[in-house]
There are 2 protein chains.
Amino acid sequence: MESKDLKQAGLKATVPRLKILKFLEESKVRHMSAEDVYKSLLDSGEEVGLATVYRVLTQFESAGLVTRHHFEGDHSIFELNDGEHHDHILCVKCGRVDEFVDDVIEARQAAIARENGYSMEDHSLYIFGICSDCQSKK
Amino acid sequence: MESKDLKQAGLKATVPRLKILKFLEESKVRHMSAEDVYKSLLDSGEEVGLATVYRVLTQFESAGLVTRHHFEGDHSIFELNDGEHHDHILCVKCGRVDEFVDDVIEARQAAIARENGYSMEDHSLYIFGICSDCQSKK
DNA sequence: CTAGAAATGAGAATCTTTCGCATTTAGATC
DNA sequence: GATCTAAATGCGAAAGATTCTCATTTCTAG
């Protein structure tokens, strides 16, 4: 029963929130914009207002249920948080997204923050490149 | 004569482009939005259209004269390219921005791209934290 | 100096996201 | 289960950033 997740997160278990959470959990696509979520829900016959999708995703972010990315800079992309932190590597040709974790980089970031007198709160790292598929298609 | 820079970059040396380039070179602030550039120019009595500022900054980016950042995700921030690549560490309280270069991270990124079958084109790394000033002000 | 291509400026248009507010709903209490 | 109140929703309007359109101006090659 997913409503537990919402309650735990301090959010009332409303119909729109449950729909959105369920959709994120069941979607095979891991990275989606608010518009993507909205349209996909409409397509499956689920009525939710676009403004609500934006609001709910922002609340989910605050609650730690999803992470907001700025892959391209313009619009936000959301990803369901399932466990451990990871960074992303994206193909600039086809838009493919892969995930990775690198302890060396994680450690260096913390050290750099320290060296500069900062207490680290967060970080964002994206590697852009051309994936193997797109390289061979060249 | 700055018009050389523009010619080299394959851009016609027009008045607006020269004004914007000169402004970027002389500004003590290194990171600015298009709006910032526009308003600052207006304040110094230089007439340039906002649309032109956007166009020119985008052209400068393509020409490699400036780098576009997405610090906060919504609007673009531009920085004049003066030589070596560097990454950024930002204070989430006061907006301060510091720069750093870390060879270990650079090397790991290239390795990660390779391990994932990507040819690396670019990367963006931002560390978010609280700077020393803001920590003591707490 | 002149012509043609490229660039500019001003405002309209677009896109993404947020806001305002009247209506509905979750969930605590009776 | 009925009731109440704060919180949430949905809609359309509004906002902010950026791009587009197109008439006018300006480079720059010849």
Side-chain angles (χ1 to χ4, degrees), chain A residues 1-23 31-42 44-63 65-78, chain B residues 1-23 31-42 44-63 65-79 95:
Chain A
M1 187 177 278
E2 303 93 335
S3 62
K4 288 238 182 69
D5 302 329
L6 291 176
K7 294 275 182 57
Q8 270 174 223
L11 297 170
K12 267 207 299 203
T14 65
V15 172
R17 295 214 262 239
L18 286 169
K19 280 183 185 169
I20 293 170
L21 182 56
K22 183 161 179 288
F23 172 72
H31 305 95
M32 282 176 291
S33 68
E35 191 83 26
D36 291 338
V37 173
Y38 171 68
K39 283 185 179 152
S40 300
L41 284 172
L42 281 196
S44 14
E46 305 286 2
E47 294 290 328
V48 186
L50 177 57
T52 300
V53 173
Y54 275 100
R55 271 186 299 235
V56 168
L57 287 172
T58 300
Q59 293 157 352
F60 282 6
E61 182 193 13
S62 302
L65 293 175
V66 305
T67 299
R68 181 192 300 261
H69 296 288
H70 304 288
F71 288 157
E72 296 144 68
D74 37 355
H75 57 314
S76 293
I77 297 290
F78 297 88
Chain B
M1 191 176 275
E2 301 93 336
S3 61
K4 288 239 182 70
D5 301 331
L6 291 177
K7 294 274 181 60
Q8 270 175 223
L11 297 170
K12 263 204 308 202
T14 65
V15 171
R17 296 214 262 239
L18 286 169
K19 279 183 186 171
I20 293 170
L21 183 56
K22 182 161 182 287
F23 173 72
H31 306 94
M32 282 175 292
S33 68
E35 191 83 27
D36 291 338
V37 172
Y38 172 68
K39 283 184 180 154
S40 300
L41 284 172
L42 279 198
S44 12
E46 305 286 2
E47 294 290 328
V48 186
L50 178 57
T52 299
V53 172
Y54 275 101
R55 272 186 300 235
V56 169
L57 287 173
T58 300
Q59 293 157 350
F60 282 6
E61 182 194 12
S62 302
L65 293 175
V66 305
T67 298
R68 182 193 299 261
H69 296 289
H70 304 288
F71 288 156
E72 297 143 67
D74 37 356
H75 57 313
S76 294
I77 296 291
F78 298 88
E79 170 178 27

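Chain identifiers are assigned alphabetically (A, B, ...) following the order of the sequence lines, protein sequences preceding nucleic acid strands; residue numbering begins at 1 within each chain. Bear in mind the structure is a predicted one, so any value in this text is a computation, not a measurement.
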Step-by-step side-chain contact (heavy atoms from CB on, under 4.5 Å) determination, A/Leu11 to A/Asp5: CA-CA 9 Å; A/Leu11 297 170; A/Asp5 302 329; over 6 Å; no
Taken to the nearest whole Å, CG/A/Leu41 to P/D/dG10 is 11 Å
How is A/Ser76 classified with respect to the nucleic acid when contacts are heavy atoms under 4.0 Å: base, sugar-phosphate, or nothing? sugar-phosphate
Every stem of 3 or more Watson-Crick or G-U pairs under 3.5 Å that DNA chain D joins, in order of first number, is C:1-30 with D:1-30
From CD1 of A/Ile20 across to P of D/dT9 the rounded distance in Å is 8 Å
So CD1 of B/Ile20 and CZ of B/Phe23: to nearest 0.5 Å the spacing works out to 10.0 Å
Rounded to whole Å, NE2 of B/His75 lies from P of D/dT19 at a distance of 14 Å
Separation of D/dG10 atom C1' from A/Lys19 atom NZ, nearest Å, is 12 Å
So NE2 of A/His31 and CZ of A/Phe78: to nearest 0.5 Å the spacing works out to 12.5 Å
Requested in this report: Carefully, step by step, assess A/Arg55 and A/Thr58 under the rule side-chain hydrogen bond (donor to acceptor under 3.5 Å, both in side chains).
Outcome: CA-CA 5 Å; A/Arg55 271 186 299 235; A/Thr58 300; over 6 Å; no
B/Arg55 atom CZ is separated from D/dC22 atom P, nearest whole Å, by 14 Å
Atom CD of A/Glu47 and atom P of D/dG10 are separated, to the nearest Å, by 9 Å
By nearest-heavy-atom nucleotide on DNA chain D, the more 5' of A/Thr52 and B/Pro16 is A/Thr52
Atom CD of A/Gln59 and atom C1' of D/dA8 are separated, to the nearest Å, by 8 Å
From CZ of B/Arg17 across to P of D/dT26 the rounded distance in Å is 15 Å
Stepwise, does the side-chain contact (heavy atoms from CB on, under 4.5 Å) test hold for A/Ile77 with A/Arg68? CA-CA 6 Å; A/Ile77 297 290; A/Arg68 181 192 300 261; over 6 Å; no
Comparing B/Ser33 with B/Lys12, nearest DNA chain D nucleotide closer to 5' gives the residue B/Ser33
- request: Please state whether the phosphate of D/dT18, meaning OP1 or OP2, lies under 4.0 angstrom from any side-chain nitrogen or oxygen of B/Tyr54.
  value: yes
5'-most contact on DNA chain C (nearest-nucleotide basis), A/Glu35 vs A/Ala51, goes to A/Glu35
Footprint ends on DNA chain C, 5' to 3', for atoms under 4.0 angstrom from a heavy atom of chain A, come out as C/dT16 to C/dG27
* To do: Test A/Phe71 against B/His70 for side-chain contact (heavy atoms from CB on, under 4.5 Å), laying out the working first.
  => CA-CA 9 Å; A/Phe71 288 157; B/His70 304 288; over 6 Å; no
Checklist entry - Looking at side-chain heavy atoms only, is the closest gap between B/Val15 and B/Lys19 below 4.5 Å? => result yes
Q: Please assess A/Glu47 against A/Leu42 for the test side-chain contact (heavy atoms from CB on, under 4.5 Å), listing each intermediate value before the final yes or no.
A: CA-CA 6 Å; A/Glu47 294 290 328; A/Leu42 281 196; 4.1 Å; yes
Result for side-chain contact (heavy atoms from CB on, under 4.5 Å) between B/Val37 and one of B/Val48, B/Val53, B/Val56, B/Leu50 points to B/Val53
